[in-house]
2 protein chains.
Amino acid sequence: MQARAPRRTDPHRRERVIDACLDVIADVGVDGTTHRRVAAAADVPLGSMTYHFAGMDELLREAFTLFADQVATQFARRLDSATSEEEAERAVVDIILHDTFGTDRDLVLTHELYTLAARRPEYRTITQTWMARSRAALERHFDPSTARLLDALIEGLTIHRALDVTRPDDALVVEAVRRILRP
Amino acid sequence: MQARAPRRTDPHRRERVIDACLDVIADVGVDGTTHRRVAAAADVPLGSMTYHFAGMDELLREAFTLFADQVATQFARRLDSATSEEEAERAVVDIILHDTFGTDRDLVLTHELYTLAARRPEYRTITQTWMARSRAALERHFDPSTARLLDALIEGLTIHRALDVTRPDDALVVEAVRRILRP
DNA sequence: TCGTCATGTGTACAAGTGTACGCTTGGGCC
DNA sequence: GGCCCAAGCGTACACTTGTACACATGACGA
């Protein structure tokens with residue numbers, strides 16, 4: 001059995017593979033992510049993997065870069081739409097409660113990225129860029145220290161929400177943000 | 001049914017394997033952790049792996065349970081030694097800056113555990129127990145809401161410290177704890 | 001029309017995996 | 001002393017993995 005008729009240059013093929021890669025990571029984790037699984041998810045032959053990407057690392061890097069970019073963009077958009085400090089405060093509460101990590105998928109992907117970055121410094125440029133963008137968005141409304149602390153609080157509450165059974169209730173989140181903002 | 005004295009081998013063999021397993025996880029991550037590598041690290045034959053543990057999952061579960069227990073115990077001990085609210089506040093700052101996640105090893109292991117728990121609910125009993133113990137230790141000094149928020153803050157700042165280049169400086173941490181404690 | 005060649009694909013392969021299973025071993029009992 | 005039998009081990013096996021590479025294909029210039 002020899003090669004089937006190749007589809008001539010499909011410019012979206014790379015992106016399709018990257019999207020599929022994120023799906024696979026969310027589903028089975030970075031460690032379960034193999035060329036074969038991604039190829040199947042993207043409906044692309046196995047050979048395409050090594051053709052389009054130098055190796056697994058290149059694929060992971062591009063996938064996580066895309067993911068971080070999407071989340072950071074959504075985060076910034078949500079905050080930038082606020083026109084007063086009260087609205088910004090409400091936006092932060094909303095983000096913790098609903099927005100940024102709205103889906104399990106995003107939460108899992110975030111943890112996978114964090115774990116990778118914790119063990120392998122070469123992935124930290126991705127998390128650093130992400131965090132810098134989040135903080136910059138916050139600093140359009142709050143002073144740098146406050147922005148920093150809000151960012152940490154968002155991170156911490158998000159993780160608790162993911163790994164604990166008892167979710168922080170709405171009132172507690174409102175209270176937390178209030179304490180940070182009005183010392 | 002009778003309890004027999006261990007025959008030829010070191011009675012602490014299981015524990016040695018579990019310790020070695022944590023070392024391997026810290027070194028190469030959960031996904032790189034194999035029976036063979038753990039066996040080599042523990043200086044134990046490969047066959048021992050399947051003899052002492054039903055499978056990789058059982059080994060991971062026991063290893064992470066041990067790890068979480070150690071960290072939580074250290075955390076609680078640090079807080080319990082405080083005899084006043086001021087001391088407790090200082091302890092929290094110290095914990096963020098130095099203690100709990102003092103080593104890269106602990107940080108990496110924590111992320112590995114979080115990632116596992118995020119994707120596989122059966123590991124969440126470990127993180128839940130850990131968090132419940134941390135919170136209980138905090139509640140010996142602070143009211144429940146404050147304890148909860150401090151816990152989230154510790155989590156968030158710790159992660160930022162791990163994944164960002166710009167570490168929160170000491171003054172910012174002091175400020176953060178102060179804001180949570182004195183709304 | 002036909003040859004050329006970049007693009008894209010199928011497949012083979014060596015390395016490495018978890019686990020089952022039969023064999024060795026040596027302490028306790030007669 | 002000599003036997004017994006479970007604790008513990010070495011090994012084989014079926015499988016999955018990433019990657020290299022030979023080769024089919026069709027667009028395009030001559």
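Because only heavy atoms are used, hydrogens play no part in the values below, and waters and symmetry mates are left out as well, while side chains stay in. Residue numbers begin at 1 in each chain, while the letters A, B, ... track the order of the sequences.
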When the distance from [atom1] of [X] to [atom2] of [N] is rounded to whole Å, what number comes out?
X	N	atom1	atom2	result
Met49(B)	dT11(D)	CE	P	16 Å
Leu46(B)	dA20(C)	CG	P	12 Å
His35(B)	dG16(C)	NE2	P	18 Å
Arg14(B)	dG8(D)	CZ	C1'	14 Å
Asp31(B)	dT17(C)	CG	C1'	13 Å
Met56(B)	dG16(C)	CE	P	17 Å
Leu59(B)	dT17(C)	CG	P	15 Å

Query raised in the report: Looking at dG16(C), does its base get a donor-acceptor pair with the side chain of Arg36(B) below 3.5 Å?
Result: no
Query - Arg77(B), CZ atom: more than 12 neighbouring heavy atoms under 6.0 Å - result: no
Requested in this report: From the options dT11(C), dA12(D), dG8(D), select the nucleotide whose nearest atom is closest to the side chain of His52(B).
Outcome: dG8(D)
Query raised in the report: Distance-only, no hydrogens or angles: does the Thr129(A) side chain make a donor-acceptor pair with backbone N or O of Thr125(A) under 3.5 Å?
Result: yes
Query raised in the report: For Leu181(A), does its backbone N or O pair with a side-chain atom of Thr146(A) as donor and acceptor, under 3.5 Å?
Result: no
On the nucleotide [N], are OP1 or OP2 found under 4.0 Å from the side-chain N or O atoms that [X] carries?
X	N	answer
Arg13(B)	dC9(D)	yes
Tyr51(A)	dG8(C)	yes
Ser48(B)	dG8(D)	no

Requested in this report: Return yes if a side-chain donor-acceptor contact under 3.5 Å exists between Tyr123(A) and Gln128(A), otherwise no.
Outcome: no
